[in-house]
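These notes concern the structure reproduced below.
All values reported here derive from a predicted model rather than from experimental measurement.
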Amino acid sequence: MTKGFNAGDAFPENVVFSYIPWSEESGEITSCGIPINYNASKEFANKKVILFALPGAFTPVCSANHVPEYIQKLPQLREKGVDQVAVLAYNDAYVMSAWGKANGVTGDDILFLSDPEAKFSKSIGWADEEGRTYRYVIIIDHGKVTYAAKESAKNTLEVSSADAVYKQL
């Protein structure tokens with residue numbers, strides 16, 4: 001089993017997440033939408049992407065700091081050439097969609113992706129015994145990993161924060 005990534009590694013083939021695309025007609029938090037597959041390997045192949053992962057939607061550090069930081073820093077990240085920002089957790093697509101709406105994210109400014117059963121996170125060794133994703137970040141530039149880091153402790157927000165990632169771009 002691979003443990004994380006190193007700069008220069010290729011982002012793996014056949015990585016598929018689940019998500020519910022945001023739409024105006026289902027923009028209310030009580031609206032569900034229908035989950036679809038998001039082929040990250042294909043979608044990330046020709047873009048500069050920040051994929052940050054966290055233990056769960058609506059949890060304290062994630063809701064109070066991690067996601068709001070990326071929302072706030074999005075214009076500066078775009079200035080550095082970032083095409084896509086995506087947040088990943090083991091929660092199902094319905095919960096991730098509601099979390100995006102609860103944070104006022106519209107369109108595809110930040111994708112709220114589900115890693116069902118933490119399949120991807122487990123495959124890179126970055127999930128805990130309970131099947132939750134660890135808090136980590138991967139910067140992918142046209143299919144190649146340029147930066148990847150996992151937080152050293154559960155409620156720590158250092159290497160995967162928006163500020164830390166901005167400095168890596």
Ignoring hydrogens, what is the shortest heavy-atom contact between [X] and [Y]? Give both atom names and the distance.
X    : Y    : value
F120 : P12  : CE1-CG, 4.3 Å
S160 : R135 : OG-CG, 3.5 Å
T133 : A89  : OG1-CA, 3.8 Å
V95  : F58  : O-CE1, 4.0 Å
A93  : P35  : CB-CB, 3.8 Å
G56  : N91  : CA-OD1, 3.3 Å

Could you check if a side-chain atom of [X] sits within less than 4.5 angstrom of a side-chain atom of [Y], using non-hydrogen atoms only?
X    : Y    : answer
D141 : Y147 : no
I50  : V137 : yes
I36  : P21  : yes
Y134 : D128 : yes
V87  : I110 : yes

Next on the checklist: Evaluate V105 against I71 for side chain to side chain contact (heavy atoms under 4.5 Å, CB included), listing each step before the verdict.
Outcome noted: CA-CA 8 Å; V105 176; I71 293 169; 3.7 Å; yes

Item to check | Residues S121 and D115: side-chain donor-acceptor under 3.5 angstrom | outcome: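 Their side chains do contain a donor-acceptor pair, which is all the 3.5 Å distance test asks for.
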
Item to check | Donor + acceptor pair across side chains of T156, E151 (<3.5 Å) | outcome: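 Absent: no donor and acceptor within the cut-off.
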
At what distance, to the nearest 0.5 angstrom, does [atom1] of [X] lie from [atom2] of [Y]?
X    : Y    : atom1 : atom2 : answer
L77  : D109 : CG    : CG    : 11.5 Å
I140 : D9   : CD1   : CG    : 11.5 Å
Q84  : K48  : CD    : NZ    : 14.0 Å
I124 : I138 : CD1   : CD1   : 4.5 Å
N37  : S18  : CG    : OG    : 6.5 Å
E69  : Y166 : CD    : OH    : 14.0 Å

Next on the checklist: Does L111 form a side chain to side chain contact (heavy atoms under 4.5 Å, CB included) with V85? I'd like the steps, not just the answer.
Outcome noted: CA-CA 6 Å; L111 299 178; V85 175; over 6 Å; no

Item to check | Any donor-acceptor N/O pair, R78 side chain to D83 backbone, under 3.5 Å | outcome: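 Flag set: sc R78 to bb D83 pair under 3.5 Å.
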
Item to check | Counterpart residues, salt bridge (Lys or Arg N to Asp or Glu O under 4.0 Å), relative to K73 (two or more places apart) | outcome: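 Per chain and number, K73 pairs via salt bridge (Lys or Arg N to Asp or Glu O under 4.0 Å) with D163.
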
Using ring centroids (six-membered ring only for Trp), state whether [Y] and [X] fall under 6.0 Å.
X    : Y   : value
Y19  : Y38 : yes
F52  : Y70 : yes
F112 : W99 : yes

Checklist entry - Do L51 and Y90 share a hydrophobic cluster, counting only Ile, Leu, Val, Met, Phe, Trp and Tyr and linking them when any side-chain heavy atoms are less than 4.5 Å apart? => result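 L51 does not cluster with Y90.
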
Next on the checklist: Running the 4.5 Å side-chain criterion over Ile, Leu, Val, Met, Phe, Trp and Tyr, what cluster does I20 land in, apart from itself?
Outcome noted: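 Y94, all in the cluster of I20.
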
Checklist entry - Which residue pairs pass the salt bridge (Lys or Arg N to Asp or Glu O under 4.0 Å) test with at least one member in residues 32-46, sequence neighbours excluded? => result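 Found E43-K47.
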
Checklist entry - For E117, does the CD atom have more than 12 heavy-atom neighbours from other residues, nucleotides or ligands under 6.0 Å away? => result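 Result for CD/E117: open.
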
Next on the checklist: For F5 and W126, take the angle between the two ring planes, folded into 0 to 90°, and tell me which bin it lands in: parallel under 30, tilted 30 to 60, perpendicular over 60.
Outcome noted: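 Rings of F5 and W126: perpendicular, over 60°.
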
Item to check | Stacked cation flag K150 on Y136, 6.0 angstrom / 45 deg | outcome: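 No, a cation-pi geometry is absent between K150 and Y136.
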
